[in-house]
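To keep things clear, I will list the structure first and then write my remarks on it.
We name chains A, B, ... by the order of the sequence lines, and we start the count at 1 in each one. Worth saying up front: this structure is predicted, and the values here are computed from it rather than measured.
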Number of protein chains: 2
Amino acid sequence: MIKVSIIGSGNVAGHLVQAFAQSDSVQLAQLFSRKKDLGFLLPDSIHLIHDLSDFEEADLYIIAVSDDAIAEISASLPFKNRLVAHTSGTMPLEIIHDNNRKAVFYPLQTFSKNKAVDFRGIPICIEAQFAADYQLLERTARAISEKPYAINSEQRKALHVAAVFANNFTNHLYQIADEICRDHQVPFEILKPLIAETAAKVMLLSPSEAQTGPAKRNDRKTIDAHEAFLSDYKKEIYHILTQSIQQHGEEL
Amino acid sequence: MIKVSIIGSGNVAGHLVQAFAQSDSVQLAQLFSRKKDLGFLLPDSIHLIHDLSDFEEADLYIIAVSDDAIAEISASLPFKNRLVAHTSGTMPLEIIHDNNRKAVFYPLQTFSKNKAVDFRGIPICIEAQFAADYQLLERTARAISEKPYAINSEQRKALHVAAVFANNFTNHLYQIADEICRDHQVPFEILKPLIAETAAKVMLLSPSEAQTGPAKRNDRKTIDAHEAFLSDYKKEIYHILTQSIQQHGEEL
């Protein structure tokens with residue numbers, strides 16, 4: 001049984017608690033939170049503490065706090081030579097204070113308070129300062145997910161940038177599409193099957209194989225009509241993404 | 001039984017033939033194609049013709065050809081006062097020649113040769129010159145889809161632009177993410193659950209509610225690190241999409 005304690009009270013901490021609570025190979029020991037009020041339900045078996053000095057011994061401490069707070073909280077831990085992981089996509093392994101053995105336990109998914117996710121399918125990117133610790137991290141990851149990946153800090157940084165494109169920016173394109181629909185009294189609903197199919201397609205084809213549309217086939221007439229139809233930043237975004245698609249077409 | 005004939009040999013024609021062939025309320029009569037070799041299998045019940053003068057009477061003729069060819073082919077039809085629809089997202093109703101009753105039958109989905117789609121969930125945007133024809137179009141649409149929508153030419157134009165954002169541009173962001181992964185020896189595989197969840201989220205939340213990430217929370221440190229990490233058009237796209245997300249945040 002791997003004994004895990006968690007630090008944090010945000011979405012990632014909440015989802016991790018929920019996932020570990022369902023596992024047979026991990027025992028959740030303590031959750032440290034500065035806030036008295038958690039945004040999620042805590043299983044009975046895990047003890048909520050508000051003072052770092054109340055931490056008991058565990059095999060792994062997972063710091064699931066905002067990037068800016070990791071260094072400070074890892075330096076404040078009142079113990080030494082234990083295994084401490086952060087959950088950030090952007091912070092290097094080294095941000096963990098030298099007092100303890102450093103690790104990263106980064107679940108690559110977008111977590112919302114109001115939407116449950118199935119952890120089994122979520123990739124967990126792990127990294128450890130020492131090989132023996134890597135094995136414990138991998139077993140911990142496998143307790144909740146089928147997809148542990150060994151990813152070093154440099155790769156993780158790239159992955160996080162890629163995730164911003166695949167998630168945050170993609171969602172913003174949905175938002176622009178939604179606005180265009182609303183401006184013309186068209187229900188956004190109509191686009192949902194297209195959005196679902198666009199995502200489903202790249203599960204089977206590479207994005208480069210899946211690319212279609214006026215930019216890809218260099219349909220100047222449609223591109224010009226669309227650019228005339230749009231204004232402001234929407235037009236700018238249309239223009240630069242069209243150029244980028246066409247540049248990619250030429251390179252192939 | 002609605003008698004439908006189709007003109008075209010591309011992806012849309014192929015998918016329409018397949019969908020109508022499974023319907024009890026539509027009888028596929030003839031398929032006109034200039035090419036002798038179709039890229040799809042034709043059911044036995046539909047007759048392939050290569051000469052427009054071989055067209056027999058039907059309740060509806062669907063022109064599923066490229067935008068540029070619609071005007072010419074609709075002008076070449078050797079009959080008058082029959083119902084003729086095109087399947088384009090961008091062309092107005094009026095592009096159909098005055099000889100016949102004009103209509104639009106636009107299935108809003110991305111069709112690939114190599115990937116089957118379930119037509120039942122595909123929105124079909126319909127428009128007709130005359131009200132009586134609209135009813136026949138709606139019955140025809142319902143024969144293959146649960147989602148017929150009355151969309152006029154102006155709305156359809158907006159919808160098509162929105163679809164370029166939600167589909168073509170979104171796929172291009174996946175491609176950029178794929179490239180960043182490959183440049184850093186990270187499998188694109190890791191991003192797939194995130195891509196699926198990003199699309200799944202906007203089935204339940206509005207894109208504006210679903211927005212997360214460094215731009216949304218104005219995390220300058222991460223944004224600067226990402227922009228320093230990127231170069232060329234990737235950097236430009238990162239910059240403009242970040243700006244647009246932040247501008248949206250302020251407006252709300």
Backbone N or O of Gln211(B) within a donor-acceptor pair of the Gln175(A) side chain at under 3.5 Å? no
Between the OG atom in Ser206(A) and the CZ atom in Arg182(B), the distance rounded to the nearest 0.5 Å is 7.5 Å
NE2 of His184(B) to CG of Leu159(A), rounded to nearest 0.5 Å, is 10.5 Å
Between Glu197(A) and Thr110(B), the two heavy atoms sitting closest are CG-CG2, 3.7 Å
Heaviest contributor of heavy-atom pairs below 4.5 Å to chain A, chosen from Cys181(B), Ala210(B), Ala158(B), is Ala158(B)
* Asked: Parallel under 30°, tilted from 30 to 60°, perpendicular over 60°: which one fits the rings of His248(A) and His172(B)?
  -> perpendicular
If you tally heavy-atom pairs under 4.5 Å between each of Asp219(A), Asp118(A), Val164(A) and chain B, the highest tally belongs to Val164(A)
If one checks every heavy atom of Leu241(A) against chain B at 4.5 Å, the contacting part turns out to be both
Interatomic distance, OG1@Thr170(A) vs CG@Leu173(B), rounded to 0.5 Å, equals 4.5 Å
Honestly, the part of Asn167(A) sitting under 4.5 Å from a heavy atom of chain B is both
If one checks every heavy atom of Pro187(A) against chain B at 4.5 Å, the contacting part turns out to be side chain
More than 12 heavy atoms from other groups under 6.0 Å of CZ on Arg34(B): no
Carboxylate-amine/guanidinium contact Lys221(A) Asp67(B), below 4.0 Å:
no
The reported gap from CD in Gln247(A) to OH in Tyr233(B) (rounded to nearest 0.5 angstrom) is 6.5 Å
Greatest number of non-hydrogen atom pairs under 4.5 angstrom with chain B, of Gly121(A), Pro193(A), Gly213(A), falls to Pro193(A)
Turns out that what part of Thr242(A) lies under 4.5 Å from chain B's heavy atoms comes down to both
Notebook entry, point to check: Got Asn168(B) and Pro214(A) here, is their nearest side-chain heavy-atom distance under 4.5 Å?
Noted result: yes
* To do: Flag yes if more than 12 heavy atoms outside Gln135(B) fall under 6.0 Å of its CD atom; otherwise flag no.
  => no
Among residues 146-154 of chain A, residues within the sub-4.5 Å heavy-atom range of chain B, in order of number, are Lys147(A), Tyr149(A), Ile151(A), Glu154(A)
Okay, Ile176(B) and chain A: the region with an atom under 4.5 Å from a heavy atom over there is side chain
Ranking Val186(A), Leu191(A), Ile190(A), Ile240(A) by heavy-atom pairs under 4.5 Å to chain B gives rank one to Ile190(A)
For residues 232-245 of chain B, the salt bridge (charged side-chain N to carboxylate O under 4.0 Å, His left out) pairs (sequence neighbours left out) are Glu179(B)-Lys234(B)
Nearest heavy-atom approach of Ala177(B) to Ala162(A) is CB-O, 3.5 Å
Given Ile122(A), Leu230(A), Thr90(A), the one with more heavy-atom pairs under 4.5 angstrom with chain B than any other is Leu230(A)
Aromatic contact, Phe165(A) with Tyr174(B) (centres under 6.0 Å):
no
Whatever's closer than 4.5 Å to a heavy atom in chain B on Thr212(A) counts as both
Ranked by heavy-atom pairs below 4.5 Å to chain A, first place among Ile237(B), Val161(B), Ile180(B), Asp68(B) goes to Val161(B)
Residue from His226(B), Glu209(B), Gln185(B) scoring the most non-hydrogen pairs under 4.5 Å with chain A is His226(B)
Okay, Ser244(A) and chain B: the region with an atom under 4.5 Å from a heavy atom over there is both
Query raised in the report: How about Gln18(A): does its CD atom have over 12 heavy atoms from other parts shown lying under 6.0 Å from it?
Result: no
Applying a strict 4.5 Å limit to non-hydrogen atoms, the region of Tyr238(A) in contact with chain B is both
Ranking Gln243(B), His160(B), Glu189(B) by heavy-atom pairs under 4.5 Å to chain A gives rank one to His160(B)
Applying side-chain hydrogen bond (donor to acceptor under 3.5 Å, both in side chains), run through Thr198(B) and Asn171(A) and close with a yes or a no. CA-CA 7 Å; Thr198(B) 304; Asn171(A) 185 76; over 6 Å; no
>> Does atom CD (Glu138(A)) have a neighbourhood of more than 12 heavy atoms from anything else shown, all under 6.0 Å?
In response: yes
dist Lys157(B):NZ -> Phe229(A):CZ (nearest 0.5 Å) comes out at 6.5 Å
